[in-house]
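Below: the structure, in structure tokens.
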Protein chains: 2
Amino acid sequence: MTPDRSSLIPALKNVATRLRIDSVRATSEAGSGHPTSCCSMADVMAALFFAEMRFDPHDPKNTDADRFVLSKGHAAPILYAAWAEAGAFDRAELLNLRKIDSDLEGHPTPRLPFVDVATGSLGQGICASIGSALNARRIKSDYRTYVILGDGETAEGSVWEAADTAAFDGLDNLCGITDVNALGQSRATMWQHDMDALAARWRAFGWHAIVIDGHDLDAILDALAEAKRTKGRPTMILARTIKGKGVSFVEGKDGWHGKAFKKGDELDRALAELERQFVPAPAGVNLTSLIPKPAARPRAVESPKPVAPPAYKLGEEIATREAYGVALAKLGEADPRVVALDADVKNSTFSDKFEKVFPDRFYENFIAEQVMVGAAMGLAARGAIPFPSTFACFLSRAYDFIRMAAISNVGIKLAGSHAGVSIGEDGPSQMALEDLAMCRAEPNITVLYPCDGVSTEKLVSLMAYHPGPAYMRTSRPKTPVIYGNDEAFTIGGLKVLRESSSDVATIVGAGVTVFEALKAHDQLKASGVNVRVIDLYSLQPVDRTALIAAAKASGGVIVTVEDHYAAGGVGDAVAEAVADAGLALTRLAVREIPRSGKPEELLDRFGISAKHIVDAVRSVVPALK
Amino acid sequence: MTPDRSSLIPALKNVATRLRIDSVRATSEAGSGHPTSCCSMADVMAALFFAEMRFDPHDPKNTDADRFVLSKGHAAPILYAAWAEAGAFDRAELLNLRKIDSDLEGHPTPRLPFVDVATGSLGQGICASIGSALNARRIKSDYRTYVILGDGETAEGSVWEAADTAAFDGLDNLCGITDVNALGQSRATMWQHDMDALAARWRAFGWHAIVIDGHDLDAILDALAEAKRTKGRPTMILARTIKGKGVSFVEGKDGWHGKAFKKGDELDRALAELERQFVPAPAGVNLTSLIPKPAARPRAVESPKPVAPPAYKLGEEIATREAYGVALAKLGEADPRVVALDADVKNSTFSDKFEKVFPDRFYENFIAEQVMVGAAMGLAARGAIPFPSTFACFLSRAYDFIRMAAISNVGIKLAGSHAGVSIGEDGPSQMALEDLAMCRAEPNITVLYPCDGVSTEKLVSLMAYHPGPAYMRTSRPKTPVIYGNDEAFTIGGLKVLRESSSDVATIVGAGVTVFEALKAHDQLKASGVNVRVIDLYSLQPVDRTALIAAAKASGGVIVTVEDHYAAGGVGDAVAEAVADAGLALTRLAVREIPRSGKPEELLDRFGISAKHIVDAVRSVVPALK
């Protein structure tokens, strides 16, 4: 039975004190961490975990459980303390904080079953929480999503992208709490304790905002109840708090961010003071046993149907970006978990083909790439298969999110269109020339780069079901279909498009340069020179064995050609794969900042057209020199 | 003599009509571009360029000239039209828009003398304009900075980082104008024409906001005057406009974003309608001749003094991040153009050493990396030498800005601390393991990675005066000083730290791995095996000749070792440099998502410690197998 407020409050107060003690003790034991950032939010955490959220400490991933996202990830110790307090694991474990063999890391990662997405890069948790809230709507669950932000964190622009998006989507199942402790790492925050100014910002972005004393448990409970009653828009509770609350010699003091109390006198004083804050509580109130469990809600299993196969004619021209849209719509038909996210370029990436059929599973983020990727992280963590897409160059706007998605190892399926100089007249600001470098750098991101309609469709399905994050690069120009509709593709594969018994070199292209390589092949062949041509559609992983075999069968000479800068793309992928095979590698890539012009002019000007491939072969093959 | 309003308005109206005609004509000639996005802002452009700004069309870079930044870069044609109208170049040139041999690119780049920074990735121009406004304060100039944003653009979080920063800095010399045409690329904007809601947002962020009809020239002139009178905070003019204004068959219509009128009937109809909009204007009013020139303001030339040399003892321990702070303060002493920008980690990057001496040249952006880098771009474009610094991993938050800084080729001097797993317990979210990949991908970014105090100080000075953008990676742990205070360094250089006539391999390290390589050297030497050790402090450019020479003198074997993921870092830099030298290359790098732990534990767990180097040498050197 839920205790009444007069019994609940002292019990929660004691929970908050225990959470403070655990946070202080664990960070001192680790010798580093953020106890003062934990102490400011302890009362809110106590109320959330022991008088608000519905969850099962032993089944944290339950489909209908309320979600908690710690956007201010540096307060990890109190997150761990709360789950220990709830009984998820033994409190003694907390003292292993930050040790190499413990999953209680310095900042939360999904190595822990109760963490949906890694946090610790500020301004990201709130974006992921939007994905979590959208997912509840998708699966028709009444679970609510709670997210705690730091006040300093709200300087991140991504927080305001999230604010816009959550308001636009009317996410009344989302409740944010800002821990306004007024101190950043190196100084006071910009807005300090100006609670009215902070509330005005959230209200101006369409949220319901509530200002409270973040150490007043009554006020916290009232605010959470008000948030739950508020319909049609999300709520932000702005909790005025004191950094280091409970340890008087650090309360509200600058210079204590990210500092553990030194073991010995300093720690002892802190702990003694905290211990004195326990209050008499009514006997028999066991808050942990009272945590409401999520409703056992029977659901039809969402089993995917087969994806409709490609239906192209050989030689038919279609841009891979358009084939991506076709594929996405087909995939959406086959699997209700597939959702798409856009940043106001759906008519260029062709994700609008998906929207037309599945408007309820299409999320518009307007021109805000960070929240698009962040929301996708939250969706993926909750069981959806999200495809966020925009121009590939603008994915660089969300690189920190992509980095954290890799750390989280969540299955976001990124698609970037308009790769390279082949976009033409729009100029360098719209050309992605570092997207492969960006995504290949993350060791667990699958990187795919199809050249025609068939391979695009096949690879979209493969990436959907391949575990972990993935990236597909698509192109703006139309290219001819070169594969039959029943051609098989694999992640980590490649295709040998031309070969003979007298090849003198292997040309490795991907995307638009496959067609430059084929042209070069034909031109060389006309002059009696045979070369092998490879479509390297899978850039991470790479089919090392096939690459080496092809090169060895063609005089040990490889020429790579890519519509990407020289570092981090096709050339580097091939170079690392064949590093110890004793091959001669020549790379053609874009080696300077490009400019506006016609696509074919630019391919030529920046050294990646058929002509340059022919020249490269002639200059590196010993017999042709 | 300035004409009175009754003469001025019709003259401006005709300028606006000409700007519309020029934008429509140029995009139709190019066959692509954004005429409707130009038409909505034509009246504002006419007022800004011909009744507000002080500039010299023939000396656009004048130190005291008012600045204009087109944050909505896709409206480039009207920017070009305005400068042509002002007499900067022949109007006939406008018809070369988007051609490969014209600098009138699809989106503005500083190839044009009147463009300070490239725009076209939305939400960046307003950040750069903050740098421009800060620079006016730095050089004590009264020039004002004007920036036009699209309304769709304000979905970008970076716009709100800029809003916060400009308000905090009290930039009353900055005036923004939002062209609220209510239509994005693919649909209506989120806030459409809800002008009160838009104004509330800017007011909540501390700006003075003025709502006007953006086609009412009287209202535009009044608003600009009000902005000029407003002290202590920046002003945002929210101009309600119609997309495609002036061409009735596209006005306010969805589906016309980024579409040129088709030559022939469609274009003819548009032009005919625009031509009819010329109004009778008083004779003798020549607005171009009336553009107020910037005051000729004599200034002492800011000539730099020599930078104080490093003052370390060999073997003394100092983290490179701390040496960076020391170097920055010394550089600031030598050169008044040097400024520093922070994102609330100044006490970790040690940029606070600069702030303590030069508080007026230190700009705090709180936790907002995008505006930090964007403001640096604006500062660099106006003659300052800006050093924005934060944790290296959080520079990924600003990758799109770094990309645009590369396109702009502006001299921002990025510094990222806390590189790699060697940061230890904070865990993967705080570890930069893709920053080298990110920066090396841009062909014109200089990438430096010092290992000790002396090299850090020397390289900070070198990067300050090297043209174009540069990145320095620094480390968290203390490392011993290994170079004498008078050691010379060069961009593109390296240091051979150990060598003998019997080396069997060359180990290439950088940063913290230099010390692992030195340890490996000593261990191998103790067992009678000699290896060469290289400190590759310059990763872009790389000293190819010296690398090949070292490797050839050591059995043709190279082992690279880096505290970075395998793709895009030291290994790839070395591999490309030596690609055609027939060497055997082995790379040690972090190949999976790391975790929390002690630095030395992590170096070992993730395969980049001395032990792993020794093992690698033993496994790849034929004679040791």
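First the proteins, then the strands, lettered A, B, ... as listed; each starts at 1.
In this structure, the separation between CG on Asn444(B) and CD on Glu442(B) is 7.0 Å, given to the nearest 0.5 Å. Note: Glu355(A) CD to Glu364(A) CD = 7.0 Å, rounded to the nearest 0.5 Å. To the nearest 0.5 Å, atoms CG (Leu539(B)) and CG (Leu436(B)) are separated by 5.5 Å. We find the CZ-CG distance between Arg403(B) and Asp435(A) to be 9.5 Å, quoted to the nearest 0.5 Å. Annotation: the span from Ser121(A) atom OG to Gln124(A) atom CD amounts to 4.0 Å, rounded to 0.5 Å.
When heavy atoms are compared at a cutoff of 4.5 Å, Pro108(A) does not approach chain B at all. Residue Met190(A) touches chain B through both its backbone and its side chain, counting heavy-atom pairs closer than 4.5 Å. Neither the backbone nor the side chain of Gln540(A) comes within less than 4.5 Å of any heavy atom of chain B. Heavy atoms of Ser32(A) lying under 4.5 Å from chain B belong exclusively to its side chain. Proximity to chain B (any heavy atom under 4.5 Å) is shown, for Ala589(A), by neither the backbone nor the side chain. Heavy-atom distances place the backbone of Thr189(A), and not its side chain, under 4.5 Å from chain B. At a 4.5 Å heavy-atom cutoff, the contact between Ala406(A) and chain B is made by backbone and side-chain atoms alike. With a 4.5 Å cut-off on non-hydrogen atoms, Met372(A) does not touch chain B at all. Looking at Ser408(A), neither its backbone nor its side chain comes within 4.5 Å of chain B, counting heavy atoms on both sides. Proximity to chain B is limited to the side chain of Arg587(A), based on heavy atoms less than 4.5 angstrom apart. Both the backbone and the side chain of Asp103(A) come within contact range of chain B, with heavy atoms under 4.5 Å apart. When heavy atoms are compared at a cutoff of 4.5 Å, Ala188(B) approaches chain A solely by way of its backbone atoms N, CA, C and O. Only the backbone of Glu592(A) has a heavy atom closer than 4.5 Å to any heavy atom of chain B. The part of Trp191(B) that comes within reach of chain A is its side chain, from C-beta onward, which places non-hydrogen atoms under 4.5 angstrom from that chain.
For Lys598(A), the NZ atom counts as loosely surrounded, since its 6.0 Å shell holds 12 or fewer non-hydrogen atoms of other residues, nucleotides or ligands. No more than 12 heavy atoms of other residues, nucleotides or ligands sit less than 6.0 Å from atom NZ of Lys259(A).
Put simply, of Glu601(B), Arg187(B), Lys99(B), the one with the most heavy-atom pairs under 4.5 Å next to chain A is Arg187(B). Note on Ala118(A), Gly33(A), Ser348(A): by heavy-atom pairs under 4.5 Å with chain B, the leading option is Ser348(A). Ranked by heavy-atom pairs shorter than 4.5 Å toward chain A, the options Leu104(B), Val159(B), Asn347(B), Leu583(B) are led by Asn347(B). For the set Gly568(A), Ala584(A), Gly152(A), the entry with the most heavy-atom pairs within less than 4.5 Å of chain B is Gly152(A). Of the listed residues Ser102(B), Gly73(B), Ala398(B), the one with more heavy-atom pairs under 4.5 angstrom with chain A than any other is Ser102(B). With chain A as partner, the option from Gly427(B), Ala441(B), Gly597(B), Ala162(B) having the largest number of non-hydrogen pairs under 4.5 angstrom is Ala441(B). Between chain A and the residues Arg203(B), Glu105(B), Glu161(B), the most heavy-atom pairs under 4.5 angstrom are made by Glu105(B). Of the residues considered (Ala155(A), Ala567(A), Ser186(A), Ala204(A)), Ser186(A) shows the highest number of contacts with chain B, using heavy-atom pairs under 4.5 Å. Heavy-atom pairs under 4.5 Å with chain B were tallied for Glu153(A), Lys346(A), His564(A); the largest tally goes to Lys346(A). Between chain B and the residues Met404(A), Arg440(A), Gln430(A), the most heavy-atom pairs under 4.5 angstrom are made by Gln430(A). Ranked by heavy-atom pairs shorter than 4.5 Å toward chain A, the options Ser396(B), Gly31(B), Ala368(B) are led by Ser396(B). Residue with the most contacts toward chain B among Gly571(A), Ala200(A), Pro594(A), Ser429(A): Ser429(A) (heavy-atom pairs, distance under 4.5 Å).
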Side chain to side chain contact (heavy atoms under 4.5 Å, CB included) between Asp342(A) and Thr390(A), worked out: CA-CA 6 Å; Asp342(A) 175 43; Thr390(A) 183; 5.7 Å; no
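For His34(B) (side chain) and His257(B) (main-chain N/O), no donor-acceptor pair under 3.5 Å exists by modelled atom type. The backbone N or O of Arg591(A) sits nowhere less than 3.5 Å from a side-chain atom of Tyr565(A) that would complete a donor-acceptor pair.
For the pair His107(B)/Asp426(A), a side-chain contact is recorded, criterion being any heavy-atom separation below 4.5 Å from C-beta on. Under the 4.5 Å side-chain criterion, counting only non-hydrogen atoms from C-beta, Met438(A) is in contact with Leu395(A). Residues Phe366(B) and Glu156(A) are not in side-chain contact: their nearest non-hydrogen atoms beyond the backbone lie 4.5 Å or more apart. Using a 4.5 Å cut-off on side-chain heavy atoms (C-beta onward), Thr154(B) and Leu149(B) make contact. No side-chain heavy atom of Val421(B) sits under 4.5 Å from any side-chain heavy atom of Pro599(B).
Ion pairing of Asp400(A) with Arg397(B) is present here, as a side-chain N (NZ or NE/NH1/NH2) and a carboxylate O approach within less than 4.0 Å. The existence of a salt bridge linking Asp164(B) and Arg201(A) is confirmed by a sub-4.0 Å separation between a basic side-chain nitrogen and an acidic carboxylate oxygen.
Phe205(A) and Trp160(B) have their aromatic ring centers within a separation under 6.0 angstrom.
Legend: residues meeting salt bridge (charged side-chain N to carboxylate O under 4.0 Å, His left out) with Arg605(A), ordered by chain and number and at least two apart, are absent.
Contacts between residues 575-582 of chain A and chain B, counted as heavy-atom pairs separated by less than 4.5 Å, involve Ala575(A), Glu576(A), Ala579(A).
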